[in-house]
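Here is the naming used below: chain letters follow the sequence lines, and residue numbers restart at 1 for every chain. Just so you know, these numbers use all the heavy atoms, side chains as well, and skip hydrogens, waters and symmetry mates.
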There are 2 protein chains.
Amino acid sequence: MSHSTDQTPERPTGHAVPTSADVARLAGVSRATVSYVLNNTSAVRISEPTRRRVREAAEELGYVPHAAARSLRAGHSRMVLLPSAHIPVGPLYSQFFNDLQWELRRLDYTVVQYGSVGLKPDEAARAWAELRPVAVVSLGEVELTEQAVELLKRSGARAVITLGTQQVPGTHSLAMDQGRIGEVATAHLIESGRRRIGVVVPEEPGLGMFSRPRLEGARRAAESAGTGAAAGATVVPLPLRYDEESADELAGRWRELGLDAVFAYNDEYAMLLMRALQDAGISVPEETAVVGADDLLLGRLLRPRLSTVHIDMVLGRELAELVDQAVRDADTPPRSRRLLDSRVVRRESS
Amino acid sequence: MSHSTDQTPERPTGHAVPTSADVARLAGVSRATVSYVLNNTSAVRISEPTRRRVREAAEELGYVPHAAARSLRAGHSRMVLLPSAHIPVGPLYSQFFNDLQWELRRLDYTVVQYGSVGLKPDEAARAWAELRPVAVVSLGEVELTEQAVELLKRSGARAVITLGTQQVPGTHSLAMDQGRIGEVATAHLIESGRRRIGVVVPEEPGLGMFSRPRLEGARRAAESAGTGAAAGATVVPLPLRYDEESADELAGRWRELGLDAVFAYNDEYAMLLMRALQDAGISVPEETAVVGADDLLLGRLLRPRLSTVHIDMVLGRELAELVDQAVRDADTPPRSRRLLDSRVVRRESS
DNA sequence: TTGAAAGCGCTACCAA
DNA sequence: TTGGTAGCGCTTTCAA
């Protein structure tokens, strides 16, 4: 059954997946030669006719090398694993993600996203480790514990890179510095003379890794303002779900809160809240200033036009090179780099 | 170097990745026994003390099985590959994607997204084939040619499933029926008495797989209306970039176009265009009705509130089961199923 | 210039 | 109940 029956030596439509041995047989050479030819091994010279025969045989059989077998033999792979959890994120992030994958592929890595939603950190790490990736790059969607990192390294990962704020030992931790976003937004509001500043904290699960640092950043801005001429700024966290009901409820008790400004986490929450405020008779920006983040096109369509924080994402290329470097020299000291910069785009809502 | 030096027989922090042989050695059993225990092989009975020793040894070493070795030995993997190209898509899609991954994992598949942006169809197929996935599920981000499918099948993929409109031979093609979206939107506009209907076609690359069928659907609706009492509806494609300039330009020549309604591809394009129309002095819905799609929350915040097409995405679960079935029985006839249904949500802009 | 063969980590068959 | 071992597909050293 598993031996060829000699009835039909070549069954192009047969169900067996062609191996390099099949190619060798068809080309009338050894498996070694096939390997040399197909990998352009420079250490060895193969005659041109042989090369052609091998290539034609491979082509004819539709031969595709078996990545698992190859990396098993090699003792390592060039797979970079990106845990993904599909949190709702903007086009910015999406673009960055794309770039990163593209650049990593240029550097000859196989990039694979591993959907890890709903997995506990060590379950996830174990699942990743089974694939023996040479590097894991977590953009922060998934929590990475110290044990998880340890496990990955023990399974041969030469670099574990985090972009979240979490500073995990053994990780190359690149600060994406979400906090900076809250900081510039709040500083801007304070400069404009606002003092009681609400900060929207989405209640949606999975957004905590973004919202927490943004809130912290806002607090930092308020504190540092306290030492200057513009003293006494306070920050009030405002839990909010992404639906009209929640926004209306919040707007309904707005006057009790006594806020004169709000940083709304991002443009979408900002748009939602701004509408609710306006419907509740609170004028923007006179009574309350509103600032979002992400600089979405849609924010410009509102009246008043939404002020926002524009985020300059790092080039995927930079990160890709950093990954490559970390892989090549696993013991390089974790160089922390700032991966995004933020600036306020003041429009009409603040 | 590669042999153990007998100096430190057990280096827990050593750089070598522990194998099942290491576990066996530490537990004082054979590799076979390790395999039996760790896989709960039911065909074989192992004494409880042995089991415990093995498990403890594995735990102590931080042993994680090597997926490549396993699937090489098994002759097949349970990897489902989802080509991803990160086109900007809504929360709906995102949710669906998440569900699908979750459900597939419940069925014991390893789900992996392979970022294939910028790859030509056969390059992509080759790259996927190297991983020897048992199934490939393309949600339509990447074009799948007949040769690509052929190659995948020859490399052992037991199911290739497409959700796009492309009907590729050898594929289990599930109609996501984007056309239906354009159809219901246009039918709604015609019923409301509109006759000259613009259909926005985004100029952004990569959206063609969505926009083309939507336009076709709109045309179908117009044609079928032509036979009834409400005859003479026409459809006019409107290329549009997702930026204010392009929208203003289009709005500027709106009156020349003589349109009394527009289906704007989705809610984001609809919001962009509606704002431009209003700024150009064209009243919505009186002079021109506007309908989007996706039923985004933000559309409800506009004035007038945006009419839209609500899309009921199929459960990821259904698709996951279909994948599983296709894998179990690769020769099952390609059952085409409707994977989404659409209905108009009429608000104020139409 | 080409071939034979070892061995990567794992599982499953067969023997003890 | 446990161990020995073949072999999955591939690359690479060593010989011829």
Side-chain angles (χ1 to χ4, degrees), chain A residues 1-3 16-25 27-54 57-58 61-78 129-132 134 154-156, chain B residues 1-4 16-54 57-58 61-78 129-132 134 154-156:
Chain A
M1 215 54 157
S2 58
H3 297 286
V17 181
T19 73
S20 78
D22 295 323
V23 177
R25 199 150 33 232
V29 299
S30 75
R31 288 152 67 217
T33 306
V34 170
S35 177
Y36 293 143
V37 172
L38 264 29
N39 296 311
N40 287 312
T41 308
S42 51
V44 117
R45 299 227 56 80
I46 306 279
S47 70
E48 197 46 51
T50 306
R51 301 185 96 86
R52 224 192 26 255
R53 282 219 314 287
V54 169
L61 293 177
Y63 170 71
V64 174
H66 193 308
R70 175 178 292 181
S71 67
L72 184 59
R73 162 69 220 223
H76 62 259
S77 75
R78 290 188 60 82
E130 289 190 356
L131 298 178
R132 296 286 192 275
V134 71
R154 292 189 65 73
S155 336
Chain B
M1 216 53 155
S2 59
H3 297 287
S4 64
V17 181
T19 72
S20 77
D22 295 323
V23 177
R25 199 152 32 234
L26 181 56
V29 300
S30 75
R31 291 150 66 216
T33 306
V34 171
S35 176
Y36 294 143
V37 171
L38 264 31
N39 296 310
N40 288 312
T41 308
S42 50
V44 120
R45 299 227 56 80
I46 305 278
S47 70
E48 198 46 52
T50 306
R51 302 184 97 86
R52 221 187 33 251
R53 283 218 316 285
V54 169
L61 293 177
Y63 169 72
V64 174
H66 192 307
R70 175 178 292 181
S71 67
L72 184 59
R73 163 68 222 221
H76 61 260
S77 75
R78 289 188 62 81
E130 289 190 357
L131 298 178
R132 297 288 192 273
V134 70
R154 293 189 64 72
S155 339

Residue pair A:Val37 / A:Arg52, side-chain heavy-atom distance below 4.5 Å =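 Counting from C-beta outward, A:Val37 and A:Arg52 never come under 4.5 Å.
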
Outermost nucleotides of DNA chain C that come under 4.0 Å of a non-hydrogen atom of chain A =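 Range of nucleotides within reach of chain A: C:dT1 to C:dG9.
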
For the student: nearest non-hydrogen atoms of [X] and [Y], plus distance:
| X | Y | result |
| --- | --- | --- |
| A:Val64 | B:Glu130 | CG1-CG, 3.5 Å |
| B:Val54 | B:Val34 | CG1-CA, 4.0 Å |
| B:Tyr63 | B:Thr19 | CE1-C, 3.5 Å |
| B:Ala27 | B:Arg53 | O-NE, 3.0 Å |
| B:Gly62 | B:Pro18 | O-CG, 4.0 Å |
| B:Arg31 | B:Ala21 | CG-CA, 3.7 Å |

Would you indicate what B:Val44 reaches in the nucleic acid, counting non-hydrogen atoms under 4.0 angstrom: base, sugar-phosphate, or nothing?
-> base

For B:Thr50, which contact category applies under a 4.0 Å heavy-atom criterion: base, sugar-phosphate, or nothing?
->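 Sugar-phosphate, no base atom in range.
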
Evaluate side chain to side chain contact (heavy atoms under 4.5 Å, CB included) for A:His76 paired with B:Val17, printing each intermediate quantity in order.
-> CA-CA 11 Å; A:His76 62 259; B:Val17 181; over 6 Å; no

When you compare the protein's N or O atoms with those of nucleotides 6-10 of chain D, which come within less than 3.5 Å of each other, and at what distance?
residue	atom	partner	partner atom	Å
D:dG7	N2	B:Arg73	NH1	3.2
D:dC8	O2	B:Arg73	N	3.2
D:dG9	N2	A:Ala69	O	3.2
D:dC10	OP1	A:Tyr63	OH	2.6
D:dC10	OP1	A:His66	N	3.2
D:dC10	OP2	A:Ser20	N	2.6
D:dC10	OP2	A:Ser20	OG	3.4
D:dC10	N4	A:Arg31	NH2	2.0

Does B:Ser47 place a side-chain N or O at less than 4.0 Å from the phosphate oxygens OP1/OP2 of D:dT2?
->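 Yes, because at least one side-chain N or O of B:Ser47 sits under 4.0 Å from OP1 or OP2 of D:dT2.
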
